[in-house]
Structures are given as structure tokens and as C-alpha cells.
2 protein chains.
Amino acid sequence: MSGVRAQQKEKTRRAIIDAAFSQLSAERSFSGLSLREVSREANIAPTSFYRHFKDMDELGLTMVDEGGLALRQLMRKARQRIADGGSIIRTSVETFMEFVQHHSNVFRLLLRERSGTSAAFRAAVNREIQHFIAELADYLEDYGKCSRELAVMEAEAMVTLVFNAGAEALDLPAAARKPLAERVINQLRLIAKGAAALKHDRRFSE
Amino acid sequence: MSGVRAQQKEKTRRAIIDAAFSQLSAERSFSGLSLREVSREANIAPTSFYRHFKDMDELGLTMVDEGGLALRQLMRKARQRIADGGSIIRTSVETFMEFVQHHSNVFRLLLRERSGTSAAFRAAVNREIQHFIAELADYLEDYGKCSRELAVMEAEAMVTLVFNAGAEALDLPAAARKPLAERVINQLRLIAKGAAALKHDRRFSE
DNA sequence: TTAATTTGCGTACACCTGTACGCTGAAAAA
DNA sequence: TTTTTCAGCGTACAGGTGTACGCAAATTAA
């Protein structure tokens, strides 16, 4: 009972997932991949694909989950850096932009499927984004001492802007990404400033 | 020289464009359309398609241009309503959300191709969005009496948030869209407030 | 040992795709 | 009038797709 069988199966499963990720690019989205092509890249027969996923959609959802997980793990590290005395806004943005740079295909998947043609995909991506928003809102509520309502609104706006900046970065040469990061940092500061000003406004403290 | 020929050609061209727009949906993106299917819907032979567009990409770019134009025209009306005494933020957001509701397929096209697989498409959509940002920045610079730099940053953030809200609205039943509009209105106010607070900040007035 | 599971492969089929080519009929130009 | 132009059609082909089905080999269970 060494489980050599389950082990080999897992290996093939990984090969499929990796093959799919590696075929994503600026010019190729998930819906543009074919079962046959992914199988070819993974060195298995097309029909063997079904031993691991019931169809391409199931593979795609797995990839979204994995991508979201990877992103969340990275941001967890960012929070450590923040705890060690880094600026919250700058550290978060820079960590995020690093992720976009080094895992472009993962980010592309999340970005595109967020407005893709499958409701399940859209829901999965939004779930990942909501994780972000909730965590950031917790922080803002605690640190900024503002109402939950305001904190959530602020967090949503911030995450939206950061995500959008990541999307823009994809089309830019590496050299041109720094000013973009600085821009979004300033935009987040703008929001933080606005939230501070609004903190005691009656509309958001009832 | 009645031009009955050119007239008929234009009619067919329109039929193709309309057919393509009508086939877009939540479940179907532009890249999922086929030349044959569009031609079928437009009641022409597949090979006749080439009399009007050299390939599907050329059709798509035409659609992006048309969609962007329609959106800009609508927002021009919004500015009239503002001039007649409406709130700038509320009027703009509500006008935009009406567009999303009544021309979902047009908005979906812009939304998806912004992060799509064709660099030309992405550039075309971004061109449309830049129109928006520039116009809004003009207004903010004038009305808010702030620096160009701050105005552009503020406008970019606002347009990003509104666009994002439009995307979310697509997956919501019509009834649930009003709270979403209110939310984004509050987010824009947050930014406006932040910009006002930062207006005389040294960093943005040099 | 024998029997049952299960991963992976090869073949086969029906279906859809883009597009090359040549023809027709009607509008426009000569 | 005769000639030219050109939108639109039908046929045809090569190439890609998803997936049903049955077989082989090897791990696991009895």
C-alpha cells in the first residue's frame, strides 16, 4: 500500500494543470485552449484527460482556485512585512505588482475569467477577490477606527484600483511599471484621505 | 447614380454587425463567435462575409469603435443633464448604469476585450476609456480648481470604479442594481473628498 | 494465488471551422 | 448599346474539435 498508483495519478493531474497554465499567454485565454492541445502538452492521450477532469470547465475552476490561493498566500507574506514596519499601502501594492509580474498567466486567468462566459468562473474569481476585500476591510476597521460600512466601501474601492492597475501592467514593459505602481499608490492614499475626512460623517456612522 | 449598390452593401454590412452584437451574451464572448454563425444570422453565405470584412478581427474592431461611440454619445447627454442642474456624480453614474442595462452586449464587448487576447482590441478599448478620463479630468480641473496631475489621477480612479461597478451589475438582477449604484456613488464621493483634502498638498501642486 | 480496479492508449466518428475558387446577375461606367 | 465591376452564392477541401468504446497493463484487494 505504497500508494504508488495515487501518486502517479497526482503527477499526471499536475502535468495537466501545468500544461494549461503554460499555454495561457497575452494572446491566448483559457477558453481558447482545447482539451486535445492541453493533453498533448501534458504528454497524455486526449481521452486520458477524462480520468482527471470531467471537462475543461472543471480544469479551469481548479486553476482559478489554485491561482487565488497562490495570490492570497503571497499577500499573507505582505502582511508580515507590514507588521515588521512597512507602509501598508506601498507594501501591499508592491507585493501585488510582483505577483502580476512573476505569475502573469495566473493573474491573466483571474482577470479574464472575472468577466468571462461562465457564471461559475465569475463566481469563483469574485470569491477570491472578496477574500481580499474582507481582509483589507478588517484591517481598515481596526486600524482606521471607522465603521464597518465605510471600511468595506473603502476596501472595495482599493482592491478594484489595484486589480485594475495589475491589468494595465500586463501590457507594459517592465520598465514602465514602476510609475504605474506609484500612481495607484497615490490613488489609494486619495481614498484613505477621503475616508479619514468622512469618518465622522453622519451618513457612515449610523 | 442613385447609389443603390452602395446602399445595399451598407445594409448587409449593418446586418453583419447587428448579427454579431445579437449573438453576444453572458455566455458568449466575441472570440466565441464564428464567421459562419455570424453570417448565418445575417442571412448571407459565409464567403460573402469577406466582401465586408477581411476577417473576424476587423469586424470586432468595428464593433468596439461603434460601442465606444455610443457610450460617449450617451455621456454627452449626461453632461447636458448636469448643466441643467443635476449632481455631477449621481447623474454620471446613473447614466452609465442605464447604458449597461440597455446595451449589455455592447458593454460586455468593451469589458471583455479590454483584457482580451488581441493587443489591437485592448488598445481600442483603452482609447475609448481614455476619452472618458480626459473629459472627466477636464471637468475636475476646471470645477475643482486642482492641478492637472491630481485631476487626471482622480478621474482615472473614478472611471475605473464606475466601469467595475458596471461589470458587477451585469451579473445582478435589475432589482439589485440600485444599491450597487449607490455604493459606487459613495465611493466616488470618497475620492472627491480625498482630492479636496489633498488639493493644497505640496506633492500635487508643484 | 486469483480477481477486481483503474490509469492510459488507439481507433473511430460526427461535427464544425475558415477559406480558396469559379460562377451569376445586376448595377455602374464607357 | 456594350463593357466592366462587384456583392453574393455554392461547392469543396483540409484540418481541428469533443468524446464514445474497447483493450492493455499494472497496481491493489481478496
Side-chain angles (χ1 to χ4, degrees), chain A residues 1-25 27-63 112-113 116-121, chain B residues 1-25 27-63 109 112-113 116-118 120-121:
Chain A
M1 57 185 268
S2 66
V4 60
R5 195 158 216 171
Q7 209 169 323
Q8 178 54 37
K9 174 156 190 181
E10 179 55 30
K11 208 171 159 188
T12 305
R13 187 187 148 94
R14 265 255 64 81
I16 294 175
I17 296 173
D18 291 344
F21 267 123
S22 84
Q23 297 202 331
L24 293 180
S25 72
E27 295 79 24
R28 204 96 115 74
S29 68
F30 181 79
S31 66
L33 304 185
S34 80
L35 185 153
R36 288 180 105 106
E37 219 167 344
V38 169
S39 304
R40 216 174 295 138
E41 175 93 14
N43 290 312
I44 59 168
T47 48
S48 300
F49 179 95
Y50 297 106
R51 303 291 184 194
H52 303 270
F53 302 96
K54 98 174 215 294
D55 54 23
M56 284 293 284
D57 274 13
E58 198 174 287
L59 167 61
L61 287 175
T62 302
M63 292 167 72
R112 286 175 174 154
E113 297 311 326
T117 53
S118 153
F121 276 55
Chain B
M1 56 181 276
S2 66
V4 59
R5 193 156 216 173
Q7 209 168 324
Q8 178 55 35
K9 177 159 187 177
E10 179 55 30
K11 207 171 161 187
T12 304
R13 188 186 146 95
R14 265 254 66 80
I16 294 175
I17 296 173
D18 291 345
F21 267 124
S22 83
Q23 296 201 335
L24 293 179
S25 71
E27 296 80 24
R28 204 95 114 74
S29 68
F30 181 78
S31 66
L33 304 185
S34 79
L35 185 155
R36 288 181 104 106
E37 220 166 345
V38 169
S39 304
R40 216 174 295 136
E41 176 93 14
N43 289 313
I44 59 167
T47 48
S48 300
F49 179 95
Y50 297 106
R51 302 291 185 196
H52 303 270
F53 302 97
K54 97 173 214 294
D55 54 22
M56 284 292 285
D57 274 13
E58 197 172 288
L59 168 60
L61 286 175
T62 303
M63 290 168 73
L109 180 73
R112 286 176 174 153
E113 298 310 326
T117 53
S118 154
F121 276 55

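In this text the structure is predicted, and so the values were computed from the model without any measurement. Residue numbering restarts at 1 for every chain, and letters A, B, ... go by the order of the sequence lines.
When rounded to the nearest whole Å, the span between NZ of K11(B) and P of dA27(C) equals 13 Å. Between F53(A) atom CZ and dG18(D) atom C1' there is a gap of 17 Å when expressed in whole angstrom units. For H52(A) and dT6(C), the NE2 to C1' distance is 10 Å, given to the nearest whole Å. If you take CZ of F49(A) and P of dA20(D), they are 14 Å apart, rounded to a whole angstrom. Following rounding to the nearest Å, R51(A) (CZ) and dT19(D) (C1') show an atom-to-atom distance of 12 Å. If you take CG of L35(B) and P of dG8(D), they are 14 Å apart, rounded to a whole angstrom. One interatomic measurement links the two molecules: CD of Q8(A) to C1' of dT6(C), which rounds to 13 Å at whole-angstrom precision. In this structure, R14(B) places its CZ atom 18 Å from P of dA7(D), rounding to the nearest Å.
Atom CG of L33(A) sits about 7.0 Å away from atom CE of M63(A), to the nearest 0.5 Å. With rounding to the nearest 0.5 Å, the separation of CE in M56(A) from OG in S31(A) is 9.0 Å. To the nearest 0.5 angstrom, K54(A) atom NZ is 12.0 Å from L59(A) atom CG. Expressed to the nearest 0.5 Å, how far CZ of R40(A) lies from OG of S34(A) amounts to 6.0 Å. In this structure, the separation between CG on D57(B) and CZ on F30(B) is 6.5 Å, given to the nearest 0.5 Å.
The side chain of S34(A) lies closest to dG18(D) when the candidates are dG18(D), dG18(C), dT7(C). Comparing atom distances between the E37(B) side chain and each of dG8(C), dA7(D), dT17(C) picks out dT17(C) as nearest. Taking only side-chain atoms of Y50(A), from C-beta outward, the nucleotide of dT7(C), dT27(D), dG18(D) with the closest atom is dG18(D).
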Detail all sub-3.5 Å separations between protein N/O atoms and N/O atoms belonging to nucleotides 3-5 of chain C.
{"from": "dT5(C)", "atom 1": "O2", "to": "R5(A)", "atom 2": "NH1", "distance (Å)": "3.3"}

Every protein N/O lying under 3.5 Å from an N/O of nucleotides 10-12 of chain C:
{"from": "dG10(C)", "atom 1": "O6", "to": "T47(A)", "atom 2": "OG1", "distance (Å)": "2.9"}

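Between the side chain of D55(B) and the backbone N or O of E58(B) there is at least one donor-acceptor pair closer than 3.5 Å.
Sequence order on DNA chain D of the closest nucleotides to K54(A) and I44(B) puts I44(B) first from the 5' end.
Residues passing the side chain to side chain contact (heavy atoms under 4.5 Å, CB included) test with A42(A), sequence neighbours excluded: A15(A), I16(A), A19(A), I44(A). Applying the side-chain hydrogen bond (donor to acceptor under 3.5 Å, both in side chains) rule to E37(A) yields the partners R28(A); only residues at least two apart in sequence or on another chain are considered. Taking R14(A) as the reference, D18(A), E66(A) meet the salt bridge (Lys or Arg N to Asp or Glu O under 4.0 Å) condition, with sequence neighbours excluded.
Within the 4.5 Å cutoff, side-chain heavy atoms of I17(A) are placed close to those of F53(A). No side-chain heavy atom of R112(B) sits less than 4.5 Å from a side-chain heavy atom of L24(B).
Fit an axis to the five pairs at each end of the helix from dT5(C)-dA26(D) to dA30(C)-dT1(D) and the two axes sit 10° apart, to the nearest 10 degrees.
Phosphate proximity of dT7(C) to S48(A): absent, as no side-chain N or O sits under 4.0 Å from OP1 or OP2.
Contacts of R40(B) with the nucleic acid, taken as non-hydrogen atoms under 4.0 Å apart, involve only primed sugar atoms and P, OP1 or OP2.
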